[in-house]
Structures are given as structure tokens and as C-alpha cells.
Amino acid sequence: MKYYSTRDQKKNSFDSAVVIKKGLAADGGLFVPESLPTLTKEDVEKLCGMTYPERAATVLSKFLTDYTYDELLADCKEAYCESSFPGGAAPLAKVTDTIYSLELWHGPTAAFKDMALQIMPRLLSRALVKTGENNTALILVATSGDTGKAALEGYKDVDGVKIMVFYPVDGVSKVQKLQMATQTGTNVNVCAIKGNFDDAQNGVKKIFSDEEAKAELLKNGYILSSANSINWGRLAPQIVYYVSAYCDMIARGDINYGEKVNVCVPTGNFGNIFAAYLAKCMGLPLGKLICASNDNNVLTDFLATGTYNKNRDFHTTISPSMDILISSNLERLLFFAAGAEKTAAYMKQLNENGAYTVSDDVKAVIDENFVGFYANEDSTRATLEHFYRDYGYLADTHTSVALNCAEQYLALSGDNSKMIVASTASPYKFASDVYEAIAHKTASADTGALDDLSALTTTEISYPLRGLASRKVNFDTVIEKDEMLTEVYKFM
Ligand SMILES: *Cc1c(COP(=O)(O)O)cnc(C)c1O
């Protein structure tokens, strides 16, 4: 299986190991597989009898053909082991007769980013060997919270790799800051910058395009690499859990093979929901893909009208991981629907005017597969409380956005097919807002909210967040935003 860029009409192709090492294509496009492998009824029946790591290795082996099945199985067994994901990697909780919650947050940082970031570092480590790379890969990450911690946990103590994370000093939650500041590992570094997330992101992008800096790093034995969600190494592992959830529903006797199941995903960068689309294209019997947004509803509008327009107000919400105006992975959908030439043109328009309108052929693909809804802040809180009171299901704020959109779809469409809702974070990761939505009062300050929520709901705090406040702080550096490169050199 070869890969090429979403913007490259000549289709220069690369192996998956190269693609995982590079992250982004040289023309600014995203890497996509040349074709999609199929998932037949027989495949699904076999997968039903497998463990999660076996399912993951089987699905990944269809895409990463320059890795052996044994390599992938060894990596998946380590990535999704019991000590990292106690009770299983992607359990499916039945919430109502129709709605199932696919809980993707039982990993080491309590957010769904772990599903990809536990396996991707192992794939990168092998990619360095496969491509004959002698230098150390230096991963630079700008984070608004969840990605940074998940990347640190994934890359800590991985051979041939070092990782440095930058976060806005006042732009992440107390829990998120503590999670990162107390990180352990011999190859990690964490640094707060005086600025917002965009400053952190721009600083990292600047280093990636700074030829002088790259030459200096190379002289010292380092190449740059990235861990963000446009890397194919993050997307491919996300296909697995949709396949796995479908198998679990068959195994429980809740569906027969072939029955269409809808999927609803709380969406930011369009990575998670795009993975569901790929599973559907491979042949998994999925129905509608419901794209759930918060007040930053650029995707809701796009899916309804075919016009993407990021020129709008940015809203800070209680589902911060979905506060995004440019959904990078959408580019991959455009490519699959319209090809490289049109995709490159749309991305140019987005860059220049902040907007583009897709042609009818793209709109037809969207209408056949996707539908968008959004939930505002009050509706998100109300849904969180409603699912807790009426169904005894405790969801985090991001999952509540999706549950709200799922109910909007059910009411509007009359389509009562079973629905998988992607649950992307532990309620404890956003404990203050979850507590407030249920208790209608403010939780104790800082990490006290976790105890408040636990006492109120008699549920257990997710294991990675227990005792967070008493852990040793290893990183407290705060720098000016123009000191990022200096800090990278120091780390090197
Ligand atoms: C990253 C994230 C999302 C958005 O996922 P995308 O793949 O970027 O669409 C949703 N919820 C949580 C909790 C996240 O961390």
C-alpha cells in the first residue's frame, strides 16, 4: 500500500513508514492511501472472535503493508495492554435502546487521543529503523490541552525519539496543566509560553519551516517530526475502534451482520469522524455519520450548505477540544470526493479568503454519508444532566455535545437504527463543568472538583487523574513566545 499527498496530481508515492515519519507532505497536503482495503463479512466475523489488540493489528496490517503482522501485533499488545487501558481499550456501553457509547477514554490520559498516541510512537520508532534513519526524531507539539499530555505519555522513553510540548500558560485547565507538569520520562520536556494557543502553534510551525534551525538540529543528530492529528499514524488506529464496536454489537447479539449502524462523533479537527468514514468505505455496514459541533459550528454549516467559511467569531466553550475553526482532516474527505486538483484549489481559497464552496460531486458524497448538528452551551449542560438523571450515564462535556446531536438526529430523521456515539473524554477530565451541569452549583476550586464529582455520583475518578495534586512537578519553565527555538536548542 502506497500513500500520496491530497494535493499532488502526479501521485508521488511513499511507504507508510515514510509517511508516518514525515507527518505532512512537502506540498502542504495530507497523506492518503492510494486505495482502500476491503472489510468483508468474513473479515468481520473473524474479527468478532479477537481481542482488541488482535483486531487493531488485523485492521492496521491492511494499511501498513511495510510492517509485518507480527510487528503490528506486538505493538498493539503493548499499546492497548491492561495496565494502560484497565478493563479494555474501547468498551461499548449501552445507554438506551438506540444509543451506545463507545468509551475511548480509558487510557493513560483519560481522553480519546490515547487510542492513537499509545500506538503511533511505536510505529514511528519502527519507521526510523525501516527508513534507515540514524538521527533522533524530535517531536514538537503545540497543545491546547489533551494532545500534549497524550503525546507525552505515548512518546516517553520510546527509542530514537525525544518530545517537547509547548502550551499556553493560561490557556489550559488546571487539571491539564498538572497532568503535563508532572510528566515523567527521560526524553520529555514541557514548556509553558506567555501567549495563547495560536502563539504556541505558530511558534512550532515557524521552527518546522526554519531551514537554518533544521540544519543546526541535523548537525546535532536531530530531525523534526510531529504528532498532530493530520499524521496518518494517528488516523489509521482510529479506524479500528469503529470496526471493534460493530463486532461487539454482533457478539452481544444486538445486531446481525449487515444491519446499518449510525455513528455520531464530537468533532474538532475532523480526524475521528473521518476514521469512521474510512471504515464505512472499507465495507463496514455503517449508516449516517453525524458530525457534532459546539458553538464553533463551522462544520455544521459546511455539511448543510457546501460552503466552508472560517470567517466567524471564535467561541471558548466547555468542550474546548472542539473549539476549532479550521478542521484540517476535512482535506482528506475533499480528496476522496473530488481528487487532488480540486482539493488543492479549495485549500488555496481557504488560505487566501478563509472560505471555499465545494462542487456538486463533493456535496453529493457529503449528503449521502454525513449530517451535521451542533449544541450550544446550555443544551450541552442540559443533555449532560438528562443522560445522567434519565439513563444513569455520566458523560463529559464533549460527549454531551454528541449525545445532544444524536437526539436531534433521532427526532428529525425518524431513523431508529442503532447508533454508536464516540465518547471522547472521561467526565473527570472536565470535572468542574460536569459537576456544575448536574449539581447546579460550582465545584471546589482546582482539582477538588474531581472529589466533588466522585462524591456526588459515587463513581471512581479515572485512574490517571487520581492523586494528581500530590504528584511531583517536574516542569515549571515559562518562556516568552519568541524563546521557543532557544528552548529547543537547550533541550537538544
Ligand atoms: C481532540 C478531541 C476531540 C475532537 O476530535 P477530532 O478528531 O479533532 O475531530 C473531541 N473530544 C475530545 C475530548 C478531544 O480531545
Side-chain angles (χ1 to χ4, degrees), residues 30 101-118 120 141-154 167 172-173 175-176 179-180 197 201 227-242 263-279 289-300 302-303 317-333 370 372 374-375 380 384 395-405 421-431 433-434 462 464-465:
L30 277 54
S101 178
L102 177 56
E103 296 181 347
L104 304 172
W105 43 263
H106 291 277
T109 76
F112 100 99
K113 305 287 192 287
D114 290 331
M115 296 303 297
L117 281 166
Q118 281 298 303
M120 185 166 112
V141 183
T143 184
S144 56
D146 289 343
T147 301
K149 178 63 186 180
L152 287 164
E153 272 303 313
Y167 71 89
V172 300
S173 76
V175 169
Q176 289 173 324
Q179 277 189 294
M180 289 189 278
F197 171 65
Q201 173 104 317
N228 60 24
S229 79
I230 52 184
N231 193 312
W232 177 252
R234 275 188 62 179
L235 200 55
Q238 298 186 351
I239 300 169
V240 176
Y241 45 74
Y242 293 108
V263 175
C264 180
V265 184
T267 297
N269 229 347
F270 209 76
N272 202 359
I273 195 168
F274 187 70
Y277 175 69
L278 291 180
L289 308 175
I290 298 146
C291 175
S293 300
N294 61 24
D295 277 324
N296 297 294
N297 55 3
V298 58
L299 285 167
T300 320
F302 170 68
L303 296 173
T317 73
I318 56 171
S319 47
S321 301
M322 298 158 69
D323 291 347
I324 255 180
L325 290 181
I326 298 187
S327 294
S328 312
N329 273 298
L330 193 56
E331 178 166 349
R332 287 194 164 106
L333 178 66
F370 293 90
Y374 78 99
T380 303
L384 204 155
D396 92 293
T397 46
H398 302 75
T399 307
S400 295
V401 169
L403 291 169
N404 179 285
C405 294
V421 172
S423 176
T424 50
S426 156
Y428 284 95
K429 189 136 195 193
F430 299 92
D433 289 313
V434 171
S462 294
L465 304 175

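Fair warning: this is a prediction, and the values are worked out from it, not measured in the lab. Counting starts at 1 for both ligands and their atoms, following the listed order. Residue numbers count from 1 along this sequence.
- The side-chain heavy atoms of V265 and Y242, taken from C-beta on, include a pair separated by under 4.5 Å.
- Looking only at distances, no side-chain donor or acceptor of T267 sits under 3.5 Å from a matching main-chain atom of S293.
- Of the protein's heavy atoms, P266 O, 3.6 Å lies nearest to atom 10 (C) of ligand 1.
- With distances taken over non-hydrogen atoms, the option nearest atom 5 (O) of ligand 1 out of W105, F274, F112 is F112.
- With ligand atoms numbered from 1 in the order given, ligand 1 contributes 9 (O) to contacts under 4.0 Å with heavy atoms of T267.
- Within the 3.5 Å criterion, the main-chain N or O of Q176 finds a donor-acceptor partner in the side chain of S173.
- For ligand 1, the atoms sitting less than 4.0 Å from at least one non-hydrogen atom of G271 are 6 (P), 7 (O), 9 (O), numbered in the order shown with element in parentheses.
- Scanning the protein heavy atoms around atom 12 (C) of ligand 1, the nearest turns out to be T424 OG1, 3.4 Å.
- Annotation: side-chain contact (heavy atoms from CB on, under 4.5 Å) contacts of A142 (sequence neighbours excluded): F197, A200, Q201, V204.
- Residues F270 and F302 place their aromatic rings such that the two centres sit no closer than 6.0 Å.
- Taking only non-hydrogen atoms, the option from Q238, H398, K113 nearest to atom 2 (C) of ligand 1 is K113.
- The backbone of F270, and not its side chain, has at least one atom closer than 4.0 Å to an atom of ligand 1 (non-hydrogen atoms only; backbone = N, CA, C, O).
- At under 3.5 Å, a nitrogen or oxygen of N269, whether backbone or side chain, sits near a nitrogen or oxygen of ligand 1.
- Of the possible donor and acceptor atoms, one in the side chain of K429 sits under 3.5 Å from a partner among the backbone N and O of T109.
- A side-chain donor-acceptor contact under 3.5 Å links N329 to the backbone of S229.
- Residue A425 has at least one heavy-atom neighbour below 4.0 Å for each of these atoms of ligand 1: 13 (C).
- Proximity of H398 to N294: side-chain heavy atoms (C-beta onward) are nowhere separated by under 4.5 Å.
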Would you check, one step at a time, whether the test side chain to side chain donor-acceptor pair (under 3.5 Å) holds for D433 with T397? CA-CA 7 Å; D433 289 313; T397 46; 5.7 Å; no

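- Close N/O approach between N272 and ligand 1 is found [any backbone or side-chain N/O within under 3.5 Å].
- Atoms of ligand 1 lying under 4.0 Å from any heavy atom of D146, numbered from 1 in the order shown and given with element: 13 (C), 14 (C), 15 (O).
- Checking only distances, G268 does come within under 3.5 Å of ligand 1, N or O to N or O.
- Backbone and side-chain nitrogen or oxygen atoms of M322 are examined, and none is located within less than 3.5 angstrom of a nitrogen or oxygen of ligand 1.
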